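The structure under discussion appears below in the form of structure tokens.
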Amino acid sequence: MLGVTPIEVIRDLINKHAIFASINQVVDYDKASLVAQDLGFEPSPIAAVENPAVRGERPLSANEAMMATRDEEDMVTIPPVVTIMGHVDHGKTSLLDTIRKTKVAAGEAGGITQHIGAYQVEVNGKKITFLDTPGHEAFTAMRARGAQVTHLAIIVVAADDGVMPQTREAIDHARAAKVPIIIALNKIDKANANPDRVKQQLAEIGVVIEEYGGDTVCVPISARRGEGIDELLDYILLVSEVQDIKANPNRLATGVIIEARLEKNSGATATVLVQQGTLKMGDNIVVGSISGKVRAMFNDRGKRIQKATPSTPVSILGLPEVPNAGDRLEVTADERTAKQQAENESEKRKSEATPLGQVSLDTLYMQMQEGKVKELNVVIKSDVQGSLEAIKGSLSKLGEENLKVRLIREGIGNISETDIHLAAASKAIIIGFNVKADGAAASEAQREGVDIRYYNVIYKLIEDIQAALVGMLEPTFREVVDGHAEIMQTFKSGKTVIAGCRVLDGKVTRGSQVRLMRKDEKVLDGKVASLRRGKDDVREVLTGYECGILLEDFNAYEVGDIIEAYSQERVAPGA
């Protein structure tokens, strides 16, 4: 930009500013601005421009990412990305296999030679990309990492079995991700198939199909016989046309890692779904905290290719390590930029000990004021259906223009890991009414920073949500016992009496809150005024040590009394 050679810049830095920098060294703004001023320019700092499709304060949906980078001149219609979800044994895999066998892209017949977790089929000259993920868990795990790539979700329901728990979960996850749903009513060739019952069950959980006056497409199919497959693919194209899915192929590529593994012969292999731009051989790439170069690229048929346009799944070689599924891939202008970005991301990940951006009732109002939150996502689990209906009815009346309560999942029974994953991905809080979280779910909630609230009175629940919406919710605290000390002897010192104690467990700290217990009865609730070992004042005394304790405004100690030290700890989200 300055129109001078690096040698002149280095010379200027050394001679005029005594800064010894080599040609590959990154020079900060202050130093760079001095050189620019010497050459007659007026520099000003510019904020680092982050691609909204790649990073953001919250994960963008696939469509939002497209819209964020929309440049009408360069935008072209791209194939829709479809995820197939549903209950176990309802025919997800059979449907995928049938589509794969009957719709291999023209000119590439001969079967799949390499399975890469995603593949493209061609219908009437138009392509569709299918993600072969193992159900809604992976779909949500990727969404939690900010990698929402799906434009459309197909929910497979068996006509003989009906709507099952995982069907409901899959629908909740698709709705939370705000993607359109197509119902594939499978196994219609079975003697005991009852499509009308299934349609009724779907209506009961809020999925009203077109036949019943709703807006959800329902296609009867038989994956085993290959019936209705063409119609399903036509509907996929129709729904995606309505969505107007577009991307810009003429820019540096960005994408998402669908899956990655370590191959014995070729090393780290990653499957990438390109979202924007065109990924080319030799591109310098950053994937999370890893940088590398595209050394080889294969399509879903195992054929070596030179470039991949948006919505194309490809397997790439050239990364030094195996990245995580859900990591963002970004092409950079040169190798140095790639390394720098990877280092920055690595540092950022190290510094982020706790998950960022999670919503809790305590921080809701603050985040709302900052414009980070526009709706409060809620997952409700209750012990009985009646309570659930009452809670839903009350919550629907809460909120105001700026902030609405959005129910993304409801259910009967204890809080499970699936609920935690959905809440983490959707920045939701979980409400447990007369239920608890099982062990694995509780530890997962703590790890993910998900706020779980337990209630047994509906009014209290509604009060808390309402208070959070208007920013009045007080943080909750719980008592933690720090330690116990037994009085072994008492000493007089003028008018005061000192308790000679031995710490039985934990620790006693100067200034800590204590209870004096005598034969299991509380005699005093006060504070430690002084704590000594020998003649020295100390801050704390640990288990097994002896010490002298003086409590505020109290002298009536007796040998055998127990001093219990305790503190109030703020309850963290998910605890």
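Note: hydrogens, waters and symmetry copies are ignored here, and every other heavy atom, side chains too, is used. Here the structure is a predicted model, which means the values were calculated and not measured.
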Next item on the list: Report yes if some heavy atom in the side chain of Ile155 is under 4.5 Å from a heavy atom in the side chain of Thr167; otherwise report no.
Entry: yes
Next item on the list: Please round to the nearest 0.5 Å and tell me the distance separating atom OG of Ser240 and atom CG of Leu152.
Entry: 7.0 Å
Check: Is Arg11 salt-bridged to Glu8, cutoff N-O under 4.0 Å?
Finding: no
Next item on the list: Report the distance from atom CD1 of Ile182 to atom CG of Leu238, rounding to the nearest 0.5 Å.
Entry: 8.0 Å
Checklist line | Side chain Asp28, main chain Lys31, donor-acceptor under 3.5 Å | finding: yes
Margin query: What I'd like to find out is whether the side chain of Val217 reaches to under 4.5 Å of the side chain of Val219, using heavy atoms alone.
Written below: yes
Note to self: Quick check on side-chain contact (heavy atoms from CB on, under 4.5 Å): which of Ile171, Ile430, Asp419 does Arg409 satisfy it with?
What the structure shows: Asp419
Item checked: Distance-only polar pair, side chains of Glu345 and Ser289, donor-acceptor under 3.5 Å -> no
Notebook entry, point to check: Taking atom types as modelled, is there a side-chain donor on Glu448 or His421 under 3.5 Å from an acceptor on the other?
Noted result: no
Notebook entry, point to check: Roughly how far apart are Leu95 CG and Lys187 NZ, rounded to 0.5 Å?
Noted result: 12.0 Å
Item checked: Side chain to side chain, Val207 and Arg175, heavy atoms closer than 4.5 Å -> yes
Next item on the list: Sequence neighbours left out, what passes side-chain hydrogen bond (donor to acceptor under 3.5 Å, both in side chains) with Thr278? Give chain and number order.
Entry: none
Next item on the list: Determine whether Pro249 and Val76 make a side-chain contact, defined as any pair of heavy atoms from C-beta on separated by less than 4.5 Å.
Entry: yes
Check: Should the heavy atoms of other residues, nucleotides or ligands under 6.0 Å from CG of Asp215 be counted, would the total exceed 12?
Finding: no
Margin query: Between Val35 and Lys16, is the side chain to side chain contact (heavy atoms under 4.5 Å, CB included) condition met? List the steps.
Written below: CA-CA 9 Å; Val35 176; Lys16 293 188 180 176; over 6 Å; no
Notebook entry, point to check: Which heavy-atom pair separates Cys218 from Ile209 by the least distance, and what is that distance?
Noted result: CB-CG2, 3.7 Å
Check: Of the non-hydrogen atoms in Pro180 and Val239, which two are nearest, and what is the gap between them?
Finding: CB-CG1, 4.0 Å
Notebook entry, point to check: So does Lys339 pair up with Glu343, basic N to acidic O under 4.0 Å?
Noted result: no
Item checked: Stepwise side chain to side chain contact (heavy atoms under 4.5 Å, CB included) test for Leu329 and Leu279 -> CA-CA 10 Å; Leu329 175 141; Leu279 185 64; 4.2 Å; yes
Checklist line | Glu169 vs Asp172 side-chain heavy atoms within contact, under 4.5 Å | finding: no
Checklist line | Student check: side-chain heavy atoms of Thr129 and Pro313 closer than 4.5 Å | finding: yes
Checklist line | Shortest non-hydrogen contact between Ala423 and Val450, atoms and distance | finding: CB-CG1, 3.8 Å
Next item on the list: Check whether any side-chain heavy atom of Val156 lies under 4.5 Å from a side-chain heavy atom of Ile84, and answer yes or no.
Entry: yes
Item checked: Least distance between heavy atoms, Val179 atom then Ala153 atom -> CG2-CB, 4.0 Å
Notebook entry, point to check: Strictly by modelled atom types, are Thr337 and Thr332 linked by a side-chain donor-acceptor pair under 3.5 Å?
Noted result: no
Check: Is a side-chain donor or acceptor of Asn15 paired with a backbone partner of Asp12 at a separation under 3.5 angstrom?
Finding: no
Next item on the list: Please check if the side chain of Thr98 supplies one atom and the backbone of Ser94 the other of a donor-acceptor pair under 3.5 Å.
Entry: yes
Item checked: Atom pair CD/OG1 of Gln275 and Thr254 - distance to nearest 0.5 Å -> 5.5 Å
Next item on the list: Mind listing the closest non-hydrogen atom pair of Glu122 and Lys127 along with its distance?
Entry: OE1-CE, 3.6 Å
Check: If you take all heavy atoms of Ala270 and Ile257, which pair is closest and at what distance?
Finding: CB-CD1, 4.0 Å
Checklist line | Non-hydrogen side-chain atoms of Pro43 and Gln37 separated by less than 4.5 Å | finding: yes
Next item on the list: For Asn186 and Ala223, indicate whether the former's side chain and the latter's backbone hold a donor-acceptor pair under 3.5 Å.
Entry: yes
Notebook entry, point to check: Going from CD1 on Ile19 to CD1 on Ile14, what distance comes out if it is rounded to the nearest 0.5 angstrom?
Noted result: 10.0 Å
Notebook entry, point to check: Would you find a donor on one side and an acceptor on the other, under 3.5 Å apart, between the side chain of Ser311 and the backbone of Pro79?
Noted result: yes
Check: What do the steps show when you test Ile429 against Val379 for side chain to side chain contact (heavy atoms under 4.5 Å, CB included), and what is the final call?
Finding: CA-CA 6 Å; Ile429 65 159; Val379 173; over 6 Å; no
Check: Excluding sequence neighbours, so at least two apart, what forms salt bridge (Lys or Arg N to Asp or Glu O under 4.0 Å) with Lys293?
Finding: none
Notebook entry, point to check: Between Lys126 and Glu241, is there a salt bridge with N-O shorter than 4.0 Å?
Noted result: yes
Next item on the list: Please determine, by modelled atom types, if Gln341 and Glu330 share a side-chain donor-acceptor pair under 3.5 angstrom.
Entry: yes
Check: Quick one: CZ on Phe20 to CD1 on Ile10, what's the gap to the nearest 0.5 Å?
Finding: 12.0 Å
Notebook entry, point to check: Within the distance-only criterion (no hydrogens, no angle test), does the side chain of His151 pair as donor or acceptor with the backbone N or O of Val81 below 3.5 angstrom?
Noted result: yes
Next item on the list: Give a yes or no answer on whether the side chain of Gln276 reaches the backbone of Asn248 with a donor-acceptor pair at less than 3.5 Å.
Entry: yes
Next item on the list: Would you please test Ile236 and Ile154 for side chain to side chain contact (heavy atoms under 4.5 Å, CB included) and show each step?
Entry: CA-CA 9 Å; Ile236 291 172; Ile154 292 179; 3.4 Å; yes
